[in-house]
Amino acid sequence: MEQTEQTTKDQIYIIDDAKWDELIEITHGAAAVCYQCGVCTATCPWGIVKDETVSVRKFMRQAQLGIDNGSEQLWLCTTCAQCDASCPRGVVISDVFRGLRQVAWDHGKPEEGLPSVLWSVFWNQNPWSQAPSQRFAWAKDLDLPSFDPENHEILFYVGCTASFDKRAQKVSRSLVQILNAAGISFGVLGDDEPCCGESVLNVGHKPYFLEIVDETMKVFQERGVTKFLTVSPHCYDVFKNHYPQMDGFEPVHYTQYLAVLIDEGRLKFEKKLKHKVTFQDPCYLARHNNESQAPRKVLGAIPGITLEEMENNASDTLCCGGGGGRMFLETAAGERFSDLRVDDALYTKADILVTACPACISCLEDSVKSKKLKDFAVMDVAELGAQALRAK
Amino acid sequence: MANLHMVVCLKVVPKPEEIRVDKKTNRLERTDARSELNPPDMNAMEMALSIKERYGGKISILTMGPPYFEPLLRVGLAMGADHIYLLSDRDFGGADTLATTYTLAKGVEKIEGVDLIFCGEESSDGATGQVPPGLAEWLDFNQITMINNIELAPRKKTIRGRREIKAGHEILEVPLPAVVSVAVASNEPRFMDYRIKDWAFEEERMTVWSKDDLDVDAEYIGVSGSPTIVSDLAQAATRERKREFLTGTPEEIADKLKVILQDAL
Amino acid sequence: MVASLYGVKQAKKAIWIFLEQEGGKLEGVSLELLDKGRQMADNANWSLVGLLIGKDVSEIADEAFSYGADVVVLADDPLLDVFTVDAYTQVTYDAIMEHKPSVFLLGATPNGRDLAGRLAVRVRTGLNADCTNLNLDKKRGILVSEVTGFGGGIAALIEMQNHRPQMATVRPGVFPPGEPDKKRKGKVIKLPIKLEADTIKTKVVERVVGEGVDLTQVPALVVGGRGIEGDFGLMRELAGLIGGDVGATRPPVDDGYIERERQIGQTGVVCRPKVSINCGVSGAFHFVVGVQESDIVISINTDQEAPIFDFTDYCIVGDVFEIIPALTAALSSVKELAHG
């Protein structure tokens, strides 16, 4: 094995050909066109909260050279794609980060806490260490029909967080109310519902993720699933951008689905609410999937709601801090993006911070609580929508 | 100690929340339950792997159980173990601690040259939690149980294990060969290494030994080797939380809580 | 069928208790077993014998008598100063083989389990471990032990018909300790010790009790959330009374009221205590993951709608600052009674 040593003032990097090959392969050479301008580092939101920001540029250089310096900063990336959006060379930097993480997994250096997440997906089919037999416990009283492609327009894919997290379950229930009100025939997979593997992919374990894809596709094919809606933008993103796009395979985020129903006149919100709201665009909708209109369309269809935009909105949104596996890792007080986001929301004088993602809700609500805010709530688009349905 | 030979005892257990009692037969109904590796056994595996990383040697997985355990045992290979020995025979069935530890000990003897055996501190499926000392006794090995950390002195051939006791700890030292049991949640088990996954799940051949392959006394295995019998079985209250609201004045509530605490602790 | 070294016919109608001691005092579980053993012995008209092992421990025998023992078999030797499984197993084996009790009970403590596990194999008998209840069927002379498995989901009754001694370990706290009767007297039988120093392979390198924290192993956990406004003194007092320790959710840790190593949850410590008492905890999902393995969950919160109540066995809608002092007072009065 050929090795070259490159000495800098304070660090010695070993350039290892084998590792270089491995990285190029894993990242499909994505870093190759980077010309080290550093815009990525400048736009990375860690710069707002940390004295010493994450040098994204340096990681890109390492990826080009095949260097793995085992930096813990690798695990800070929330895969928010702010850097992707601003890269003048069009490098998908979040892909490179996933690749660097995969190398770390292969060389036995993942961040503490993350192996347990993978084991939970392996044993429990969810990343939250919850009993798989309890996956549909949230819907016990709702009597939701098992999905049948002959009779149902669409599958409601709930996803792990919206199935197990008590807070997110409220979003799932609200969505059921809305779908019922619009007269949509839909079904669910119940305890058979597989994990999409989003957390596995974004903490960088691509080989395991690909296995999950195979298993999930098997279930989908057996059950005749083609068109389905997801609660979480994270699930939506992996299905749309990281699963094989077979004929008829059509994941939609629920806000997109509701927007179409509104256009078609099938869904009407008839009860007037009185709220000034602002909207947190989830990274996995607005940036990864260029979707910022659908949630606004749904909000706009609710009578009595006025939307006041925050400074960074749509594709310029600021991450809540929960992506890229960060939901499973501790972020120090004072370094949470969601704190900043709640401040942004307060500045708009809105009384509700609306979002459309279980991870955003969890992070933002934590920040609202820690600021001991009264008369200010975090809600999901679906929850607000359900409130605006005509009382039966 | 490049020739250090470690054995990790793995047990396949049904997921606790999916077990039911069959009212008619009074037996545990576990056929529909999903299985997993006994969680503290995963911690035992991780501890053995950390020793292998530092000092070399090899790790054999040892299990008593039916052939359908195979895919789950291969998880241990993908974590970094070297070989699987499965002790499998209809006549091993129905074993309690005495018969189980006897059979496992016979397996260890047949493997030969074993220096250090790792077990989980207990199994989640209601086995007696006494396998590690029993196994050590049959083999005349030393033992340190319920440890959360281990150190090996390779030349002296001793180990030191640290265990938590009574809001404190103790460090015990014994010479090899020895059995250790590892406390649940004492480390974070590494995930499978996908670079060796094909080898672990497809290529590596597993060694299966029946009672005829082992030098066992038929009286000592399975049901006939088990002094204890289960005379009755009952499903305890489900794991679902009661959600019972206690009401009254603070003093009345305190009295209710006192009773609950005294029963529980 | 495998036979134990002595059988039903040779066994004496006696219940033996392993008396675990440290620093000249019997462990709580040994007192609990003496009381339970006394009840079973009285009911069946058997004798109750304590096995006391250590160095200069003969004075503890009186404590055993006051809690119900008729006889104390005493193994006193410098080599038995600290517990080593090698020495204690050998001495216990000698005692058991000489006196042949029908029943032998030990506390399911780390040392009790070590000894029980080795001894059962050495005498070729059965062992019912971690029992949650015991009964002596006096007609048949058979010990019926209740054990639980699968996270407490299944309870089984276990017995052995042909093997002696009938061994069982019992978790500390399963039985209440009895009331000592200082006037009760009994007989001490000294056991001849045949131990060589070089047969003891175990070396106790270090032993410290009553020091720091390991929340993963505590039997009871008192957790403070945002709602306790940083008043962990109150939490500590309660934890002290129930032999537990204090944990916290993220907000009080963030606010610097308590050290980060006590944070419970997905990004902190995952605990499996017998009881967790959540005070002013709202029930954020990432926290709940850290206490969901508790046998019993008690929660106190002013908000009836707090999600924590979905994960709780005993829910209290109320003010932590009223409930906890009341509970502390109730528990302290019990303690005074027991020791007064």
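These numbers come from a predicted model, not from an experiment.
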Engineer: Apply salt bridge (Lys or Arg N to Asp or Glu O under 4.0 Å) to residues B:Glu122 and C:Arg113 and explain how you reach the verdict.
Structural biologist: CA-CA 11 Å; B:Glu122 62 188 3; C:Arg113 286 162 166 235; 3.6 Å; yes
Engineer: Only pairs of heavy atoms separated by less than 4.5 Å count here; which of C:Val144, C:Val275, C:Val317, C:Asp86 has the most with chain B?
Structural biologist: C:Val275
Engineer: Side chain, backbone, both or neither: which part of B:Val223 has an atom under 4.5 Å from a heavy atom of chain C?
Structural biologist: backbone
Engineer: Between B:His169 and C:Arg207, does the side-chain contact (heavy atoms from CB on, under 4.5 Å) criterion hold? Intermediate values first, please.
Structural biologist: CA-CA 6 Å; B:His169 72 271; C:Arg207 184 177 165 88; over 6 Å; no
Engineer: With a 4.5 angstrom heavy-atom cut-off, is it the side chain or the backbone of B:Leu98 that approaches chain C, or both, or neither?
Structural biologist: side chain
Engineer: Is there a side-chain contact between C:Phe311 and B:Arg243, using heavy atoms and a 4.5 Å cut-off?
Structural biologist: no
Engineer: Hey, which of C:Arg122, C:Glu322, C:Met160 has the most heavy atom pairs under 4.5 Å with chain B?
Structural biologist: C:Arg122
Engineer: So for C:Asp114, is it side chain, backbone, both, or neither that comes closer than 4.5 Å to the heavy atoms of chain B?
Structural biologist: both
Engineer: Would you mind telling me which of C:Ile298, C:Ile316, C:Ile323 makes a side-chain contact (heavy atoms from CB on, under 4.5 Å) with B:Leu246?
Structural biologist: C:Ile316
Engineer: Between C:Ser4 and chain B, which part of the residue has a heavy atom less than 4.5 Å away: side chain, backbone, both or neither?
Structural biologist: neither
Engineer: Answer yes or no: are there more than 12 heavy-atom neighbours, outside B:Glu109 itself, under 6.0 Å from its atom CD?
Structural biologist: yes
Engineer: Which heavy-atom pair separates B:Arg241 from C:Thr312 by the least distance, and what is that distance?
Structural biologist: CB-O, 3.4 Å
Engineer: What distance do B:Gln130 atom CD and C:Leu119 atom CG have between them, rounded to the nearest 0.5 Å?
Structural biologist: 11.0 Å
Engineer: Which residue in the set C:Leu327, C:Leu241, C:Ile296 passes side-chain contact (heavy atoms from CB on, under 4.5 Å) when paired with B:Leu261?
Structural biologist: C:Leu327
Engineer: Top residue by heavy-atom pair count (under 4.5 Å) with chain B, among C:Ala326, C:Cys315, C:Gly318, C:Ala120?
Structural biologist: C:Cys315
Engineer: Working to the nearest 0.5 Å, report the span between OH of C:Tyr314 and NZ of B:Lys256.
Structural biologist: 11.5 Å
Engineer: May I ask you to name which of B:Asp217, B:Thr145, B:Ile229 has the most heavy-atom pairs under 4.5 Å with chain C?
Structural biologist: B:Ile229
Engineer: Tell me, side chain or backbone of C:Ile277 under 4.5 Å from chain B's heavy atoms, or both, or neither?
Structural biologist: side chain
Engineer: What's the spacing between B:Phe141 CZ and C:Arg118 CZ if we round to 0.5 Å?
Structural biologist: 10.5 Å
Engineer: How would you list, by chain and number, every residue that makes a ring-ring contact (aromatic ring centres under 6.0 Å, His included) with C:Phe309, sequence neighbours excluded?
Structural biologist: B:Phe245
Engineer: To the nearest 0.5 Å, how far apart are CD1 in C:Ile324 and CG in B:Leu257?
Structural biologist: 7.5 Å
Engineer: Between C:Thr125 and B:Pro227, which heavy-atom pair has the shortest distance, and what is it?
Structural biologist: C-CG, 3.7 Å
Engineer: Is there a donor-acceptor pair closer than 3.5 Å between any side-chain N or O of C:Asp313 and the backbone N or O of B:Lys242?
Structural biologist: yes
Engineer: Checking heavy atoms, do the side chain of B:Ser186, its backbone, both or neither come under 4.5 Å from chain C?
Structural biologist: neither
Engineer: Considering only heavy atoms and a distance below 4.5 Å, find which of B:Glu137, B:Glu170, B:Arg163 pairs most often with chain C.
Structural biologist: B:Glu137
Engineer: With only heavy atoms counted, which part of B:Ile253 is less than 4.5 Å from chain C, the side chain, the backbone, both or neither?
Structural biologist: side chain
Engineer: Would you please name every residue forming a side-chain contact (heavy atoms from CB on, under 4.5 Å) with B:Glu173, sequence neighbours left out?
Structural biologist: B:Lys156, B:Thr158, B:Arg160, C:Lys203, C:Val205
Engineer: What distance do C:Thr328 atom OG1 and B:Lys258 atom NZ have between them, rounded to the nearest 0.5 Å?
Structural biologist: 12.5 Å
Engineer: Using 0.5 Å steps for rounding, measure from the CD atom of C:Glu159 to the OG1 atom of B:Thr228.
Structural biologist: 10.0 Å
Engineer: Need one label for C:Val297: side chain, backbone, both or neither, based on atoms under 4.5 Å from any heavy atom in chain B.
Structural biologist: both
